[in-house]
Number of protein chains: 4
Amino acid sequence: MIIALDFQSDVPVYLQLRHQIVIGIAENKLQLGESLPTTRQLAKDAGINPMTVSKAYQVLKAEGYITMDRRHGAKVSQEIRNNGFDTLKESFKLLIAEAKIKGISYESIQSYLKSMYEQ
Amino acid sequence: MIIALDFQSDVPVYLQLRHQIVIGIAENKLQLGESLPTTRQLAKDAGINPMTVSKAYQVLKAEGYITMDRRHGAKVSQEIRNNGFDTLKESFKLLIAEAKIKGISYESIQSYLKSMYEQ
Amino acid sequence: MIIALDFQSDVPVYLQLRHQIVIGIAENKLQLGESLPTTRQLAKDAGINPMTVSKAYQVLKAEGYITMDRRHGAKVSQEIRNNGFDTLKESFKLLIAEAKIKGISYESIQSYLKSMYEQ
Amino acid sequence: MIIALDFQSDVPVYLQLRHQIVIGIAENKLQLGESLPTTRQLAKDAGINPMTVSKAYQVLKAEGYITMDRRHGAKVSQEIRNNGFDTLKESFKLLIAEAKIKGISYESIQSYLKSMYEQ
DNA sequence: GTGGTCTAGACCACG
DNA sequence: GTGGTCTAGACCACC
């Protein structure tokens, strides 16, 4: 699991970290129940402040993606809470709106979605 | 075209404004070439500062969604610049990752996409 | 002498007008002493407000490019006041700075300058 | 790197700032990768509002001249995006037209260009 | 400590 | 009347 950060990006570092871990879980690069690196280790590897890693882990925990305790460190949750579709709908709506306006066809989005889903 | 702002949200007001206008265009609530309210008018209606509206309009202009003409104020562009799919793919990737982890089926996403496109 | 205006441009219409007339003089499309259209005529042709044309003419007069009187209307000056190079230096400086930074070679600028000058 | 602002000028302060920084880069007063002052510091030094500095930095960032990193503030870009010559040609055209009309010789412009490039 | 956002209110340039 | 600029001062997110 390689973490690539873009310090020039407008997306905060802790969110980039969170995003990559979420994608890693979806793509099975991180298995359910698998241990994540310690904050210090990941901070060292990525060349960032441990506080930043900690913040990413806090967010992931609050969202139910990971569990954390002092004894076992951070792990990918065994069962990830299903918050339903609603929380994602608004984001999809905006993204699809942008795609539609830019003239991207329904088919090309659909096939992309499918390919992502089957990964 | 009703603008609903959430002042508790982490998303800056000027971006919320930008997002709603983009969605409005995609849903044909705003026609191509249609005039947008003046910055002062929209500011007054939404209960925010004119500079905040101005910033949203600047962003939309920079992205090619609207044009600003000293004579006629702001309008939805007649032709919206096509930046291609690539710029959106990363966002889709993350969103689909989240949906997949949460156990949302491909079909439910696909039907949502369809409903947005038929609008 | 065709005037092409871009109402989407950030450059004010009266300045676009001024610029095109200056370029017209330099390229001998407008001869020294030649009459310019009346403000009303030019405004009508270009589809703009006569006040805007008037402002462009005022600027050109103040700069010494044209003369205006009630009897003969606006004409290109017979002798154009030489304000010296200094007033233009700052503008050149900025433009050359931008060119240099963008990696445009000294030679390509020089040949462009020459071609423009010999026109 | 001294910033001199003219508050009587028609050129907005944030653009004067932008122009001086661009010239500073071209003249190697600002090295590639060099840190720029913080918005607050520069605002204080120049006696203007931090938001005005911020706007100048935003423009420079959008043009690719500088990068802004949450960790290290603003820096001159290591590699500046090359937009090509075309975007500058129109500006050169106007400037040369003015110089030509005023009777400034090709040689004096050429030598000025040379002196700028050798800097 | 850094930049990002927002406000309230002012003045100006443009058409 | 339109958007553009600027200020003074505030609060927040990020690192």
Side-chain angles (χ1 to χ4, degrees), chain A residues 5 7 9-17 43 46-56 59, chain B residues 5 7-17 35-43 46-59 61 66-75, chain C residues 5 7 9-17 43 46-56 59, chain D residues 5 7-17 35-43 46-59 61 66-75:
Chain A
L5 299 173
F7 296 108
S9 165
D10 286 336
V11 181
V13 174
Y14 83 95
L15 279 183
Q16 291 184 48
L17 214 49
I48 58 179
N49 196 306
M51 296 274 289
T52 306
V53 179
S54 179
K55 182 155 187 181
V59 170
Chain B
L5 299 173
F7 296 104
Q8 308 312 320
S9 166
D10 286 341
V11 181
V13 174
Y14 82 94
L15 280 184
Q16 291 184 47
L17 216 48
S35 285
L36 294 167
T38 66
T39 51
R40 284 173 177 77
Q41 187 60 44
L42 184 46
I48 58 178
N49 191 290
M51 279 199 57
T52 306
V53 179
S54 180
K55 183 155 188 184
Y57 279 11
Q58 294 291 352
V59 171
K61 182 187 170 193
I66 70 172
T67 59
M68 297 223 266
D69 181 319
R70 279 193 186 74
R71 303 184 302 174
H72 307 111
K75 291 183 187 212
Chain C
L5 299 173
F7 296 109
S9 167
D10 287 336
V11 181
V13 174
Y14 83 94
L15 279 184
Q16 292 185 46
L17 213 49
I48 58 179
N49 195 307
M51 295 274 289
T52 305
V53 178
S54 179
K55 182 155 188 181
V59 170
Chain D
L5 299 174
F7 296 104
Q8 307 313 320
S9 166
D10 287 341
V11 181
V13 174
Y14 81 94
L15 281 183
Q16 291 185 47
L17 217 48
S35 284
L36 293 167
T38 66
T39 52
R40 285 174 177 77
Q41 188 59 46
L42 184 46
I48 57 177
N49 191 290
M51 278 198 59
T52 306
V53 178
S54 180
K55 184 156 187 183
Y57 279 10
Q58 293 291 350
V59 170
K61 183 186 170 195
I66 69 171
T67 59
M68 296 223 266
D69 183 315
R70 277 193 189 72
R71 303 183 301 173
H72 306 112
K75 290 183 186 211

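Numbered from 1 within each chain, the chains take letters A, B, ... in sequence-line order.
Distance, D10(D) CG to dC11(E) P: 18 Å, rounded to whole Å. D69(B) places its CG atom 10 Å from the C1' atom of dG15(E), with the value rounded to the nearest Å. The distance between atom CG of L5(B) and atom C1' of dT5(E), rounded to the nearest whole Å, is 14 Å. As a whole-Å value, the separation of K61(B) NZ from dG4(F) P is 6 Å. Regarding L42(B), its CG atom lies at a distance of 13 Å from the P atom of dT2(F), rounded to whole Å. dT5(E) atom C1' lies 19 Å from atom OH of Y57(D), rounded to whole Å.
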Output a table of nitrogen or oxygen pairs between the protein and nucleotides 6-8 of chain F separated by less than 3.5 Å.
{"from": "dC6(F)", "atom 1": "OP1", "to": "V13(D)", "atom 2": "N", "distance (Å)": "2.2"}
{"from": "dC6(F)", "atom 1": "OP2", "to": "Y14(D)", "atom 2": "N", "distance (Å)": "3.4"}
{"from": "dT7(F)", "atom 1": "OP2", "to": "N49(D)", "atom 2": "N", "distance (Å)": "3.1"}
{"from": "dT7(F)", "atom 1": "OP2", "to": "T52(D)", "atom 2": "OG1", "distance (Å)": "2.5"}
{"from": "dA8(F)", "atom 1": "N7", "to": "N49(D)", "atom 2": "ND2", "distance (Å)": "2.4"}

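Here the CD1 atom belonging to I48(C) is positioned 6.5 Å from the CZ atom belonging to F7(C), to the nearest 0.5 angstrom. With rounding to the nearest 0.5 angstrom, the CG atom of L17(B) is 6.0 Å from the CG atom of L5(B). In this structure, the separation between OG1 on T39(D) and NZ on K55(D) is 15.0 Å, given to the nearest 0.5 Å. Of the inter-residue distances, the one linking Q16(C) atom CD with S9(C) atom OG reads 4.5 Å to the nearest 0.5 angstrom. Remark: Y57(B) OH to L36(B) CG distance equals 4.5 Å, nearest 0.5 Å.
Residue contacts for Q41(B): at a heavy-atom cut-off of 4.0 Å it reaches no nucleic acid atom on any strand shown.
Of all heavy-atom pairs between P37(D) and L42(D), the closest is CB-CB, 4.1 Å.
Within the structure, a side-chain polar atom (N or O) of Q58(B) is placed less than 4.0 Å from OP1 or OP2 of dG4(F). For T39(D), a side-chain nitrogen or oxygen approaches OP1 or OP2 of dG3(E) to under 4.0 Å.
Consecutive Watson-Crick or G-U pairs involving DNA chain E, each under 3.5 Å on both distances, make up stems of three or more pairs at E:1-14 with F:1-14.
At least one side-chain heavy atom of Q58(D) sits less than 4.5 Å from a side-chain heavy atom of M68(D).
Residue R40(B) has its side chain nearest to dT2(F) when only dG4(E), dT2(F), dT2(E) are considered.
Remark: D10(B) engages no residue in a side chain to side chain donor-acceptor pair (under 3.5 Å) (not counting sequence neighbours).
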